[in-house]
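One structure below.
Just the heavy atoms: all of them, side chains too, but no hydrogens, waters or symmetry mates, feed the values below.
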Amino acid sequence: QVQLVESGGGSVQAGDSLRLSCAASGRTFTSYVMGWFRQAPGKEREFVAAINWSGLSTEYVDSVKGRFTISRDNAKNTVYLQMNSLKPEDTAVYYCAASRGIVVVTTTLKYSYWGQGTQVTVSS
């Protein structure tokens with residue numbers, strides 16, 4: 001069982017930066033691929049970024065490439081999402097998720113554990 005708690009959301013202006021954090025419980029953090037997803041009002045939850053246990057393999061949705069960076073600190077059982085050059089279309093609830101395994105996956109069905117979400121609002 002893995003419990004995930006996100007933090008770091010907020011309301012910012014376009015062009016600003018935010019860093020989301022996700023703290024995971026348990027002693028098997030490195031057994032999981034960690035991912036970030038987001039869901040805007042009236043839209044389906046979409047993949048944003050994911051990272052494997054070592055941090056050497058990452059994936060991003062095209063719309064955030066070059067602006068967002070996912071990273072993890074296995075000593076702290078924490079995964080981060082650094083978001084730069086934020087745009088109004090980045091506005092959503094951001095969710096942290098965990099998928100047991102070693103291969104980075106990008107579909108929601110592959111993730112077994114989810115956090116409660118943190119709101120990110122970007123105004124123009």
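- Side-chain contact between Leu4 and Met34: present, with at least one pair of heavy atoms (C-beta onward) separated by less than 4.5 Å.
- Listed here is the closest heavy atom pair of Asp73 and Phe29: O-CE2, 4.1 Å.
- To the nearest 0.5 Å, atom CG of residue Leu81 and atom CZ of residue Phe68 are 6.0 Å apart.
- Qualifying side-chain hydrogen bond (donor to acceptor under 3.5 Å, both in side chains) partners for Glu89, counting only residues two or more places apart in sequence or in other chains: none.
- For Ser85, the side-chain hydrogen bond (donor to acceptor under 3.5 Å, both in side chains) criterion is met by no residue, not counting sequence neighbours.
- Shortest non-hydrogen contact noted between Pro88 and Ser124 is CG-CB, 3.9 Å.
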- Message: Please evaluate residues Ser17 and Gln82 with respect to the criterion side chain to side chain contact (heavy atoms under 4.5 Å, CB included), reporting the C-alpha separation (whole Å), side-chain torsions for both, the decisive distance (0.1 Å), and the verdict.
- Response: CA-CA 7 Å; Ser17 298; Gln82 177 67 44; 3.9 Å; yes

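- Residue pairs meeting the ring-ring contact (aromatic ring centres under 6.0 Å, His included) criterion with at least one member in residues 40-66, sequence neighbours excluded: Phe37-Phe47.
- Considering only residues two or more places apart in sequence or on other chains, Ser25 meets the side-chain contact (heavy atoms from CB on, under 4.5 Å) condition with Gln3.
- Heavy atoms only, all atoms of each residue included: Ser21 and Thr78 are closest at CB-CG2, 4.3 Å.
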Do any side-chain atoms of residues 96-113 form donor-acceptor pairs under 3.5 angstrom with protein atoms, and if so which ones, sequence neighbours left out?
from	atom 1	to	atom 2	distance (Å)
Ser99	OG	Lys110	O	2.8
Arg100	NH1	Tyr32	OH	3.3
Tyr111	OH	Val105	O	2.6

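- Looking at Leu56 and Ile51, their side chains never come closer than 4.5 Å, going by heavy atoms from C-beta outward.
- Applying the salt bridge (charged side-chain N to carboxylate O under 4.0 Å, His left out) test to every pair with at least one member in residues 56-67, sequence neighbours left out, gives these pairs: Asp62-Lys65, Arg67-Asp90.
- Considering only residues two or more places apart in sequence or on other chains, Ser71 meets the side-chain contact (heavy atoms from CB on, under 4.5 Å) condition with Tyr80.
- Among residues two or more places apart in sequence or in another chain, the side-chain hydrogen bond (donor to acceptor under 3.5 Å, both in side chains) test is passed with Ser63 by Arg38.
- Looking only at atom types and distance, the side chain of Asn74 has no donor-acceptor partner in the side chain of Thr30 under 3.5 Å away.
- For Gln13, the side-chain hydrogen bond (donor to acceptor under 3.5 Å, both in side chains) partners are Ser123, not counting sequence neighbours.
- Partners of Val12 by side-chain contact (heavy atoms from CB on, under 4.5 Å), not counting sequence neighbours, listed by chain and number: Asp16, Leu18, Leu86, Val122.
- Between Gln119 and Tyr94, the closest side-chain pair of non-hydrogen atoms is not below 4.5 Å.
- Taking the side chain as every heavy atom from C-beta outward, Thr118 and Tyr95 never approach each other to under 4.5 Å.
- Under the disulfide bond (SG atoms under 2.5 Å apart) criterion, no residue pair touches residues 52-95, with sequence neighbours excluded.
- Of the possible donor and acceptor atoms, one in the side chain of Asn52 sits under 3.5 Å from a partner among the backbone N and O of Ser57.
- The side-chain contact (heavy atoms from CB on, under 4.5 Å) search around Gln116 returns Val5, Glu6, not counting sequence neighbours.
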